[in-house]
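Working notes, structure below.
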Number of protein chains: 2
Amino acid sequence: MSTTSVTVCQPVLIGGQWREASFDKTFQSTNPSDYSAIPREYPISTWDDIDEALTAAADAATQLRQLPMESIARFLELFADRIQQNQAMLVDVAHQETGLAKTPRLADVELPRTFNQLRLAAAAARCGDWAGPVIDTKAGIRSMMEPLGPVWVFGPNNFPFAFNSAAGGDFASAIAAGNPVIAKANSSHPETTRLFAALAKDAADEVGLPAATVQLIYRTSHADGERMVSDHRCGATGYTGSRSAGLTLKAAADAAGKPIYLELSSVNPVVIMPEALDERCDKIVDEYVTSVLMGAGQMCTNPGMVLLVKSESSDRFVDAVSSRFASTPSGTLLSPAVAKSLVASISTLADGGAKIVTGGGPGETRRCSVSNTLLKTNAATFLRDPEVFQTEAFGNAALVVVADSVDELITVIESLEGNLTGCIYSAAGGDESSYDRIAFALIPKVGRFLNDKMPTGVAVSPAMNHGGPYPATGHPAFTAVGIPASMIRFGKLSCYDNVRHARLPQLLQDKNHFGTWRRIDGRWTTDDVGSLK
Amino acid sequence: MSTTSVTVCQPVLIGGQWREASFDKTFQSTNPSDYSAIPREYPISTWDDIDEALTAAADAATQLRQLPMESIARFLELFADRIQQNQAMLVDVAHQETGLAKTPRLADVELPRTFNQLRLAAAAARCGDWAGPVIDTKAGIRSMMEPLGPVWVFGPNNFPFAFNSAAGGDFASAIAAGNPVIAKANSSHPETTRLFAALAKDAADEVGLPAATVQLIYRTSHADGERMVSDHRCGATGYTGSRSAGLTLKAAADAAGKPIYLELSSVNPVVIMPEALDERCDKIVDEYVTSVLMGAGQMCTNPGMVLLVKSESSDRFVDAVSSRFASTPSGTLLSPAVAKSLVASISTLADGGAKIVTGGGPGETRRCSVSNTLLKTNAATFLRDPEVFQTEAFGNAALVVVADSVDELITVIESLEGNLTGCIYSAAGGDESSYDRIAFALIPKVGRFLNDKMPTGVAVSPAMNHGGPYPATGHPAFTAVGIPASMIRFGKLSCYDNVRHARLPQLLQDKNHFGTWRRIDGRWTTDDVGSLK
């Protein structure tokens, strides 16, 4: 951070205008591939910017409520098109800012996911399914979800596209639910975020959405962060990032009664049953190493903890993973801060008593990296301090916990905090009663439970849950991925009791204008009221 | 409170046993109809009781997850039957503890509502609709809501049956979602609650539910209250009651990441448009007085604030309501504490500048009562301190706010906090554009929006929202009334990814075992997977 002349500093997008920020300090991001400073400066906004953005957003929220959902759907589609058209530029900038591979990761996986998700959100906005209309014709009561108001989106460092605060999952969900978004860029990829905001603004202008439907600031003080999520003009917040910053924001939002949806840390335990290793150790090692080192391990669903029962095959598994870790070049981490934090987490685990099987040291020094690191401990040691051993080592590191028995393994599971995911690998004709006991212990601890599959693929499916019990997220009933379920987070339930028919929102009128699935007198249907087939 | 010998003290229900509490102090409740102390003592449990109840509940939660939903449904139905069979006893005791009329209120309205609600919850548990199963056959991902764990239920003073912590809406929702409940009795009707818990325990025993499916304590210290809702064994809390106690519990639960669903204070604004008064003033006065004095005004949805535009008819409305207030005998309040708090709230409003039109003094001194009280202020005064004028006067008191214009009335609405309900009365051929503007301002502030109808009837409808923006509740997406929606509060979203078919929960298997509505590949259906018609 440095005090700098105003001219080199990138503008914020507030109230439909790209303008000079109100700021005292600036920041720059670092190219993690070579530690070079990226020659662009971004303002750390003072409260004046935030205040203005909130006022403009509140005004936009009012205007959005009066527009047909078709406008919002068209905006999302147009934005998706523009992202697709500007793919090369976005990929170049994101690669520079994050070190993530241009291909396949950025160009072939994450960017398509991003524009496809915007199109799914458009479809959900158009048909209104997300609002879950319920009609009780006898009682004369009809209800549905409606937009909540301005949404702050804090995107994470690890998905510069798919979770970007100006284009990713929370953005798409909040907008498709009818709310304006104020994007708070992740400090490690501000330029990528600025490019998205610019494309979004142009698309919004073309459709004629309110000027402040999409706004962008880059960074604030911590105190202003707490103030903005609890401000009376704020509707809700979507946050993906570190646990400590997330919990600070949560405390502020909770105290003001403002919904905040958090996606925090998760170690994503993978239980591999002995019979599964006996059956297909090499295959599982391959699946595991691919998953745990994907994106240099910087995934929310990275399988950072493996739970095994001691046997010959558990030793074989550890040896094989260790050897693969040692022979695979370490990935580039997202930023110097991520590298520093990963080294610190490895130390915490090692100091707690875990043995470093491989890695543990710095990676190549010319770029942000740490050696692929495998740690190992036994269940008895783990159980002496489960909190320490659940330290998330965000990056290319993992901990194997070896239990003496299935019973002890279950005790370890019972000591776990909430996680986004949990997996069990088992054999075709394995011990189903052990499986049952392990699954029974694991399922309440996780949002998504898998069999024989690593957790790093998070499909944009209506059945997806990218969520989980605290502290993986702030509330166990909501998902951050999956249209339309993720949109519900940004709605309020509105009930219309005895309201004259012509005054009802279109989605609740007798005629089903948009082919929406509605529950009428206990039955889900796309029919009109009164014409139930 | 007094220190007392153990023998006279009522037992708590913990771990399936009615046993002497662990306590230092006791309390007694007062018969509000004559200020007599009711000769029964109840323990204020120490942490030992709570600790034991939580451990037993956690164990029961584990067992409940292994039982068929049919057992839970049968329990709820059997409990409903027993309530119906013991109607006379329950009505007598509740009348003694609350002063609410035996008939029609307790016997003919609230008790039937209570057992009917338990039967609706049974049906929802049986068919599993509440879990909202979503199946994506292509991706191999299936998700649904599952029980969350032990639920604390804190019932309010004003519905000894329908919101009772051992029989009411939160109890029914939490149990039907598969969770054990620990009931915290409301201190003003502990015996009613004990009777319900006894009937529930017998029904649970008959069905063979785990011993700690229903537990009961009467009261704790404030510090233990905060500790119990944030305990690691707690799944969630349902609380209905005063704002200050609720917000203290919320802060504790939030800090521990434990869901807490609150129903707090609400003034339930009723806007009556000038044309409506011109059209049918007498009828509206009648509806209003009936609603606002129902149950001595002690309803969560009591229409405690009327918003008018100044006109001849607004004066006529105020005069007519005032005269009806003066000529109607004041109801009996629930407890000395309620009477004291009502007098204090009236003072707060009067000190703020509202004029007492009628009442304001003590009622009959031989029973808990306050004169029916009507206060009035103008919008300009209101807008000088909206917080003061939104003080909830829980009981038979109301505030009329008279604006000079529709614009000023809308400014008042914009200054309102979140409420459970909001109403607009308008004329048949009235000013639809004024209506639109008022409705547009009011709807985001309320959970349930009504036309031409007072808010005190809260139908147990699937389309009901008995909820609303903070501080009416703690989260704007959930309802406390209405099966199955109210059950969602006590669930966690669980996603099954690539899980072998035989291992899936029954509700997610291909065959639709229970006729459940499920969303399969985007389509709501009761068909089996693979046999979509």
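Looking at T526(B), neither its backbone nor its side chain comes within 4.5 Å of chain A, counting heavy atoms on both sides. In this structure, chain A has no heavy atom under 4.5 Å from any part of R489(B). For F440(B), the parts lying under 4.5 angstrom from a heavy atom of chain A are both the backbone and the side chain. For A428(B), the part lying near chain A is the backbone, with the side chain staying farther off; criterion is any non-hydrogen pair under 4.5 Å. When heavy atoms are compared at a cutoff of 4.5 Å, P444(A) approaches chain B by way of both its backbone and its side chain. In this structure, chain B has heavy atoms under 4.5 Å from both the backbone and the side chain of S426(A). At a 4.5 Å heavy-atom cutoff, T421(B) makes no contact with chain A through either its backbone or its side chain.
Between atom CG of residue D129(A) and atom CD1 of residue I483(A) there is a gap of 12.0 Å, rounded to the nearest 0.5 Å. The line from CD1 of I413(A) to NZ of K445(A) is 9.5 Å long, rounded to the nearest 0.5 Å. To the nearest 0.5 angstrom, K138(B) atom NZ is 8.0 Å from D521(B) atom CG.
Using cut-offs of 30° and 60° for the angle between ring planes, the F478(B) and H475(A) rings count as parallel.
Listed options N498(A), N451(A), L493(A) were ranked by heavy-atom pairs under 4.5 angstrom with chain B; first place goes to N451(A). Annotation: maximal heavy-atom pairing with chain A below 4.5 Å, among G468(B), A256(B), P469(B), A255(B), occurs at A256(B). Of the listed residues (S494(B), G140(B), A139(B), G447(B)), the greatest number of heavy-atom pairs within a distance under 4.5 Å of chain A belongs to G447(B). Between chain B and the residues E146(A), Q66(A), R65(A), the largest count of heavy-atom pairs under 4.5 Å involves R65(A). Among I488(B), L247(B), T62(B), I135(B), the residue making the largest number of heavy-atom pairs under 4.5 Å with chain A is T62(B). In terms of heavy-atom pairs under 4.5 angstrom with chain A, the leader among R500(B), K453(B), K250(B) is R500(B). For the set L148(B), I443(B), D254(B), the count of heavy-atom pairs under 4.5 angstrom toward chain A peaks at D254(B). Between chain A and the residues I141(B), V499(B), D452(B), the most heavy-atom pairs under 4.5 angstrom are made by V499(B).
No side-chain N or O of R519(A) forms a donor-acceptor pair with one of S143(A) less than 3.5 Å apart. Side-chain atoms of T248(B) and R243(B) form no donor-acceptor pair, as typed in the model, at a separation below 3.5 Å. At a cut-off of 3.5 Å, with distance as the only test, no side-chain donor of R518(A) or T525(A) sits close to an acceptor on the other residue. Side-chain contact, Y470(B) with E417(B): no donor N or O sits under 3.5 Å from an acceptor N or O. Side chains of N268(A) and T301(A): no donor on one and acceptor on the other come within 3.5 Å.
Residues of residues 455-467 of chain A that come closer than 4.5 Å to chain B, counting heavy atoms only, are A459(A), S461(A), P462(A), A463(A), M464(A), N465(A), ordered by residue number.
You'll find the side chain of R503(B) reaches within 4.5 Å of the side chain of E432(A), heavy atoms only.
Under the rule for a side chain to side chain donor-acceptor pair (under 3.5 Å), T479(B) has no partner lying at least two apart in sequence or in another chain.
Relative to the ring axis of Y496(B), R448(A) does not place its NZ or CZ within 45° and under 6.0 Å from the centre.
Salt bridge status for D136(A) with R142(A): absent, with no side-chain N to carboxylate O gap under 4.0 Å.
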